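Okay, so here's the structure we're looking at.
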Amino acid sequence: MAGRDRLLRLFAARPPLPPHRAPPKKPPKLPYTGIAQYVSHFVERGDPEYEPPPPETQPPPPRIFRNPEMPTQARVDIESKVEKDIRVRQERQQRAARQREENLKSWDPSKDPNVEGDPFKTLFVSRLSYDVTERKLKREFEEYGPIKRIRLVHNKNSGKPRGYAFIEYEHKNDMKQAYKMADGRKIEDRRVLVDVERGRTVPHWRPRRFGGGKGSESRMVSRPPKDLKRQFVARLVERAMAEKERRSDTGDRRKRERDDYGTYDRQRDSKRRERDL
């Protein structure tokens with residue numbers, strides 16, 4: 001009996017499932033209409049609401065970007081790195097120009113207490129090494145004549161040398177001789193540039209720090225620019241001509257040697273024939 005009950009329990013029905021929820025009903029469809037009746041309310045090109053004004057951080061057009069496609073890909077309201085570099089450079093140049101103009105108003109070499117001596121006997125020497133001393137300058141320039149005074153110019157704030165000096169000679173002709181001969185002279189592994197003193201001799205003269213000066217002008221004869229390709233071809237041609245001449249000389253020498261040996265052999269044979277007779 002027990003086995004039969006266990007078998008019947010295996011085939012007994014399961015309990016009923018819980019009641020199933022009905023699916024939710026779809027909302028009713030609303031009738032859609034066009035937008036023709038609202039077109040009159042849209043803004044048009046030229047209205048202040050069509051496009052907002054650019055922010056103050058946006059530079060005026062034309063814009064400059066490293067990537068030329070950037071303006072078409074995104075709206076950039078701030079300045080790019082290239083535009084910032086240009087703006088900072090221009091502001092720095094403007095500040096330097098204003099500073100030069102302010103310093104130029106108060107610059108007067110004739111009233112400078114550090115400037116002494118005759119300006120027509122004074123030589124200006126620039127592009128000096130910062131390690132040059134007055135003794136070194138005197139030893140280099142006294143070969144043109146006796147020197148009366150040497151003044152190395154230093155920075156007023158830091159006291160460091162500025163790389164130029166004024167040399168006053170005893171005689172005017174000695175200064176002229178140094179002006180002609182000392183330009184481009186090598187002092188402390190640097191080639192110096194010499195000139196006359198123009199601050200007190202040339203009217204309306206401006207030094208280089210005030211936007212004047214003569215820049216890198218020099219009285220030394222400038223060499224024409226070298227054409228490397230032309231120089232290389234000329235060197236090849238010269239090398240080929242030298243090789244051709246060497247081969248020609250070698251051939252002539254060998255030919256002369258063969259002629260000399262032939263003459264010697266003929267003379268020896270003739271002597272042998274005479275001796276045999």
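Since the structure is predicted, the reported quantities are computational estimates derived from the model, not experimental observations.
Taken from NZ in Lys148 to NE2 in His171, the straight-line distance is 10.5 Å, to the nearest 0.5 Å. Going from atom CD of Gln94 over to atom CD of Gln90 covers 6.5 Å, rounded to the nearest 0.5 Å. The distance from the CG atom of Asp174 to the CG atom of Leu123 is 11.0 Å, given to the nearest 0.5 Å. We find the CZ-CD distance between Arg149 and Glu116 to be 5.0 Å, quoted to the nearest 0.5 Å. Taken to the nearest 0.5 Å, the CE atom of Met181 stands 9.0 Å off from the CD atom of Glu143. The line from CZ of Arg89 to NZ of Lys84 is 13.0 Å long, rounded to the nearest 0.5 Å.
The side-chain heavy atoms of Val115 and Glu197, taken from C-beta on, include a pair separated by under 4.5 Å. Under the 4.5 Å side-chain criterion, counting only non-hydrogen atoms from C-beta, Phe141 is in contact with Val194. When side chains are defined from C-beta on, Arg200 counts as touching Thr122, because their heavy atoms get closer than 4.5 Å. For the pair Tyr179 and Asp195, the minimum side-chain heavy-atom distance is below 4.5 Å. The shortest distance between side-chain heavy atoms of Val125 and Ile187 does not fall below 4.5 Å. Proximity of Tyr164 to Arg162: side-chain heavy atoms (C-beta onward) are separated by under 4.5 Å at one or more points.
Using a distance-only test at 3.5 Å, with no hydrogens or angles considered, a donor-acceptor pair links the side chain of Ser126 to the main chain of Leu193. Counting only distance, with no hydrogens or angles, the side chain of His154 and the backbone of Leu152 share a donor-acceptor pair below 3.5 Å. In this structure a side-chain-to-backbone donor-acceptor pair under 3.5 Å is present from Arg191 to Gly184. The backbone N or O of Gly145 lies less than 3.5 Å from no partner atom in the side chain of Glu170, so there is not a single donor-acceptor pair.
Residues Arg185 and Tyr144 approach most closely at NH1-OH, 3.0 Å, considering heavy atoms. Scanning both residues, Glu168 and Asp118, for their nearest heavy atoms gives OE2-N, 3.1 Å. When all heavy atoms of Thr201 and Arg198 are compared, the pair lying nearest together is OG1-CA, 3.3 Å.
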Residue pair Met175, Val196: steps toward the side-chain contact (heavy atoms from CB on, under 4.5 Å) verdict: CA-CA 8 Å; Met175 189 276 294; Val196 297; 4.1 Å; yes
Criterion side-chain contact (heavy atoms from CB on, under 4.5 Å) on Ile147 and Leu137, from CA distance to verdict: CA-CA 10 Å; Ile147 296 176; Leu137 279 180; over 6 Å; no
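Remark: Glu140 engages Lys136 in a salt bridge, criterion side-chain N to carboxylate O under 4.0 Å. Salt-bridge check for Glu101 with Lys105: failed, with every basic side-chain N at 4.0 Å or more from each acidic carboxylate O. Ionic pairing of Asp85 and Lys81 is present here: one or more N-O contacts between side-chain nitrogen and carboxylate oxygen are shorter than 4.0 angstrom.
Residues Val132 and Ile167 share a single hydrophobic cluster, defined by chaining ILVMFWY side chains whose heavy atoms lie under 4.5 Å apart. Linking Ile, Leu, Val, Met, Phe, Trp and Tyr residues whenever their side-chain heavy atoms come within less than 4.5 Å leaves Ile150 and Val153 in two separate clusters.
Within a 6.0 Å radius of CD in Glu243, other residues, nucleotides and ligands contribute more than 12 heavy atoms. Within a 6.0 Å radius of CD1 in Ile35, no more than 12 heavy atoms belonging to other residues, nucleotides or ligands are found.
Taking the six-membered ring for Trp and thresholds of 30 and 60 degrees, His41 and Tyr38 have ring planes inclined between 30 and 60 degrees apart.
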